[in-house]
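The structure under discussion appears below in the form of structure tokens.
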There are 4 protein chains.
Amino acid sequence: MAYALPMPNEPDPARRNLRAQRAILDAARALTSEVGYGALTIKAIAARAGVGKQTIYRWWPSKGAVLFDALLAESTDAEGGPNLPDTGDLPTDLRTVLRAVVAELADPHADRLNRAVTAEIQDDEALAGELVRRLLRPQMDATAARLRSARAVGQITEDADVEIAVELLFGPAYHRWLLRTGPLDAAYADRIVASALAGLTPR
Amino acid sequence: MAYALPMPNEPDPARRNLRAQRAILDAARALTSEVGYGALTIKAIAARAGVGKQTIYRWWPSKGAVLFDALLAESTDAEGGPNLPDTGDLPTDLRTVLRAVVAELADPHADRLNRAVTAEIQDDEALAGELVRRLLRPQMDATAARLRSARAVGQITEDADVEIAVELLFGPAYHRWLLRTGPLDAAYADRIVASALAGLTPR
Amino acid sequence: MAYALPMPNEPDPARRNLRAQRAILDAARALTSEVGYGALTIKAIAARAGVGKQTIYRWWPSKGAVLFDALLAESTDAEGGPNLPDTGDLPTDLRTVLRAVVAELADPHADRLNRAVTAEIQDDEALAGELVRRLLRPQMDATAARLRSARAVGQITEDADVEIAVELLFGPAYHRWLLRTGPLDAAYADRIVASALAGLTPR
Amino acid sequence: MAYALPMPNEPDPARRNLRAQRAILDAARALTSEVGYGALTIKAIAARAGVGKQTIYRWWPSKGAVLFDALLAESTDAEGGPNLPDTGDLPTDLRTVLRAVVAELADPHADRLNRAVTAEIQDDEALAGELVRRLLRPQMDATAARLRSARAVGQITEDADVEIAVELLFGPAYHRWLLRTGPLDAAYADRIVASALAGLTPR
DNA sequence: GGCTAAGCGAGACGGTACGTCTTGTCTTTAG
DNA sequence: CTAAAGACAAGACGTACCGTCTCGCTTAGCC
């Protein structure tokens, strides 16, 4: 017979203190951008949030998960979803997307948080998957969809490799950000779009 | 005028024990691929290498620097430099390069080391610069040079944006590796080359 | 006005774990008598006590302070205070005291702990003061009081130098123990008392 | 057949560098009185002496042995041996001895070295024996001899316990020094002599 | 007068304890 | 009766020193 285990006390999400949750994510975000990923500690987050450490451990499995949620909260605030503009003009629409991506990566306020999460996902595959699923995938899928709609109306060639095209757009920006190999500005976004589109446009 | 600093005892590189140095880099590489970046400790590297911790701290300023040197040693062993093939056929040459890049990223043996260094450079800008200067930049420059030589003989269009073209080639592969968004194989490398070249080829 | 200091987090004695405290003192005592003062380490004490090192550093400023408390705990257990017997017969009473002192110094179980603390107080004046105040002074004062009461009833001469008399009693025993210059037994205690009293006794 | 072992290279005392030896003892003495026993390191002694660490390890088995030799060198310089005065007047002679002992213990220059050696001999019985044999024993024996010569001429009682009498003289001074329980001056020395002699003097 | 063996200054080495820091769990206490 | 505050066990951090070793350089004494 199965019986009620004296369980490691799964906390009851219904009783979660939203004020504390928000304070924790805010503190995590603020501290990350102040001291950087390497010097970030759970203790400091708890202290800044005016919260006991246990309250963090109760709801998140790791420091990376807190950072991820902090990043997610910010992104969710900013966007409402992966709404891609469709003005009918593909180059313009892609420039809009790429400029937004590049601007986000160039934002000094968010930079350290982005890098902290990037560091964490190198060692936490589950977190990496979650990040892709929640933030990256929707954006890439929306971009792919926009490319397919453009292909349907003949704005790009029939045999265009849409999957690769999306990576041709996003890959360079992330590469440059990751390795700090050059400036991240609107002009750069436009050059990516121009070069990536060159091979797609019917002659 | 430069003057003799009352320095905190810079160690004398001439007296460096090469056996120990090699053992440290080997241990760092092996341990990283065994336990991953998060669980990697200087203490464990020293123990595995049969070396005192101080011998590591004497020659490297941080764990990241050790990992970087371990990565560098491996790359230096493998290649002799950024020799890019020049068969005269640009697509073939680029496929060779991209396939090598993708293979390196897909190599499970090196994966954790690559990710560990990637995590470290998020928090250590100097290390990031060194990595780019020593490993990435030469490869990118060589690729750019190959593209310019192709442009000179008319294999790609006169107005091709070489700098962006290089990022169009490398960016997608790193993006896919960083975020684990898809398989990294020769076919993938070929697709990148095909799509990136499409816009460069004269019609 | 006294004000709340932004203190480096003085720990709260009310929350102290008594089990841990006791385990630490026991481990310190046991290890000292096993390996001696020179080979004694905080790390080993913590390990033996099943305690984190920080729990030692939280409550004691130095290894010497731990040893001192270990010694104190033992002494406090043994005695209830500096109760000196007063049978009315001074030589008998002093023999009782000196025999106890000599027996304590001769006890092989306590020897290494005594020597460890003796070594520590050579380099830590504050600790030396504490040791004297808590352990030596009471005993010496009690002995002086007993001598004065004997003087009051004419058992020793009017002009007896009580302060020196006390040192004449204790000094030789400690000297012999410190320098291991001879046996420490009851007969030795009796010889000290006899010689020291000879000059005090009225003729 | 016995043959010359490739021995752990006993060093050849004939080739010993006296300048280095002296510099080491001087440095040990100076550093001890500057930084105290706890902060004294072989490394620092070597550096101060302008000597390699190995030169110390070649000639002394331990830090304690170096300190002991430093102490010995100083004492040997000062005295030529345990010459006790014999003016014919015992109290005067003993006052001379005790005043010298007390002055040595009170000397702030030598204090830390004395305490360092005292700390070392708590953990090194062989060193303790050597100290007693070379420095303490001669002085005590000379004092005992003086007391016996006094006894022979009837200046002290026939049944005087000479061995204890010596400890009655030296014990209090060392006790007071060891535990810092009071001032060490000539008046104190005189009080010891007066009290100790009181019981020895024929009535 | 040259050879050679040893002592020497210097300092890198393998170890290990130091005292501090952070982690994740457990306990106390104040609201 | 909850959650902050924080003590706890554990163990890595980066530093310091230990005692050994390996370098060249100097020096002494035997050929």
Side-chain angles (χ1 to χ4, degrees), chain A residues 8-9 11 15 17 19-20 39-44 46-47 49-58 60-63, chain B residues 8-17 19-21 23 39-47 49-59 61-63, chain C residues 8-17 19-21 23 39-47 49-59 61-63, chain D residues 8-17 19-21 23 39-47 49-59 61-63:
Chain A
N9 291 342
R15 311 195 57 168
N17 182 334
R19 178 192 302 283
L40 187 69
T41 67
I42 295 270
K43 197 182 188 181
V51 133
K53 279 196 298 170
Q54 197 56 54
T55 303
I56 298 181
Y57 285 112
R58 183 153 36 236
W60 287 275
S62 68
K63 188 165 65 180
Chain B
N9 290 342
E10 286 285 310
D12 179 354
R15 306 191 57 173
R16 186 167 190 176
N17 183 333
R19 178 192 301 283
Q21 180 183 3
L40 187 68
T41 66
I42 295 269
K43 200 181 190 183
I45 296 173
V51 137
K53 278 197 297 171
Q54 194 57 51
T55 300
I56 298 181
Y57 287 110
R58 177 149 45 232
W59 301 111
S62 68
K63 188 165 64 179
Chain C
N9 289 342
E10 286 284 309
D12 179 354
R15 308 192 55 170
R16 188 168 189 176
N17 183 334
R19 177 191 302 285
Q21 181 183 3
L40 186 68
T41 66
I42 295 270
K43 200 182 189 182
I45 296 173
V51 135
K53 278 196 298 169
Q54 194 56 50
T55 301
I56 298 181
Y57 286 110
R58 187 176 301 118
W59 301 111
S62 68
K63 189 165 62 180
Chain D
N9 289 343
E10 286 285 310
D12 178 356
R15 308 193 60 168
R16 188 168 189 177
N17 183 336
R19 176 191 303 284
Q21 180 182 3
L40 186 69
T41 67
I42 294 272
K43 199 184 187 180
I45 296 173
V51 134
K53 279 196 298 171
Q54 193 61 239
T55 301
I56 297 180
Y57 286 111
R58 180 151 40 233
W59 302 110
S62 68
K63 188 165 64 180

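Proteins come first, then strands; the chains are lettered A, B, ... in the order of their sequence lines, and each starts at number 1.
- Between the base of E:dG9 and the side chain of D:Lys53 there is no donor-acceptor pair shorter than 3.5 Å.
- One interatomic measurement links the two molecules: CZ of D:Arg16 to P of F:dA28, which rounds to 16 Å at whole-angstrom precision.
- Across all their heavy atoms, D:Thr55 and D:Ala20 have their closest contact at CG2-CB, 4.4 Å.
- We find that CD1 of D:Ile42 is positioned 14 Å from C1' of F:dA16, with the value rounded to whole Å.
- For A:Tyr57, counting side-chain heavy atoms from C-beta on, the closest listed nucleotide (F:dT20, E:dT23, E:dC8) is E:dT23.
- Spacing between atom CD1 of C:Ile45 and atom C1' of F:dA9 amounts to 16 Å, rounded to whole angstrom units.
- With rounding to the nearest 0.5 Å, the separation of CD in B:Gln21 from CH2 in B:Trp59 is 8.5 Å.
- Counting non-hydrogen atoms under 4.0 angstrom, D:Arg58 reaches a base of the nucleic acid.
- Heavy atoms only, all atoms of each residue included: B:Ala23 and B:Ala49 are closest at O-CB, 3.5 Å.
- Residue B:Lys43 has a polar side-chain atom (N or O) positioned under 4.0 Å from OP1 or OP2 of F:dA12.
- To the nearest 0.5 Å, atom CG of residue D:Asn17 and atom CZ of residue D:Arg15 are 11.0 Å apart.
- Within the 4.0 Å cut-off from OP1 or OP2 of E:dG14, at least one side-chain nitrogen or oxygen of B:Thr55 is found.
- Taken from CG in C:Asp12 to CZ in C:Arg58, the straight-line distance is 11.5 Å, to the nearest 0.5 Å.
- Following rounding to the nearest Å, C:Arg19 (CZ) and E:dT28 (P) show an atom-to-atom distance of 11 Å.
- For C:Arg15 against E:dT27, a side-chain N or O and a base N or O form a donor-acceptor pair under 3.5 Å.
- Residue-to-nucleotide contacts include no donor-acceptor pair under 3.5 Å from the side chain of D:Gln54 to the base of E:dC8.
- Protein atom CG of B:Asp12 is 14 Å distant from nucleotide atom C1' of E:dC13, rounded to whole Å.
- Protein atom CD of B:Glu10 is 10 Å distant from nucleotide atom P of E:dA12, rounded to whole Å.
- The nearest heavy atom of DNA chain F to D:Ser62 and to C:Val51 marks one nucleotide each, and the one closer to the 5' end goes with C:Val51.
- Considering only side-chain N and O atoms, C:Trp59 lies under 4.0 angstrom from the phosphate OP1 or OP2 of F:dC8.
- Heavy-atom distances to DNA chain E give each of D:Ala46 and C:Lys63 a nearest nucleotide, and the one nearer the 5′ end belongs to D:Ala46.
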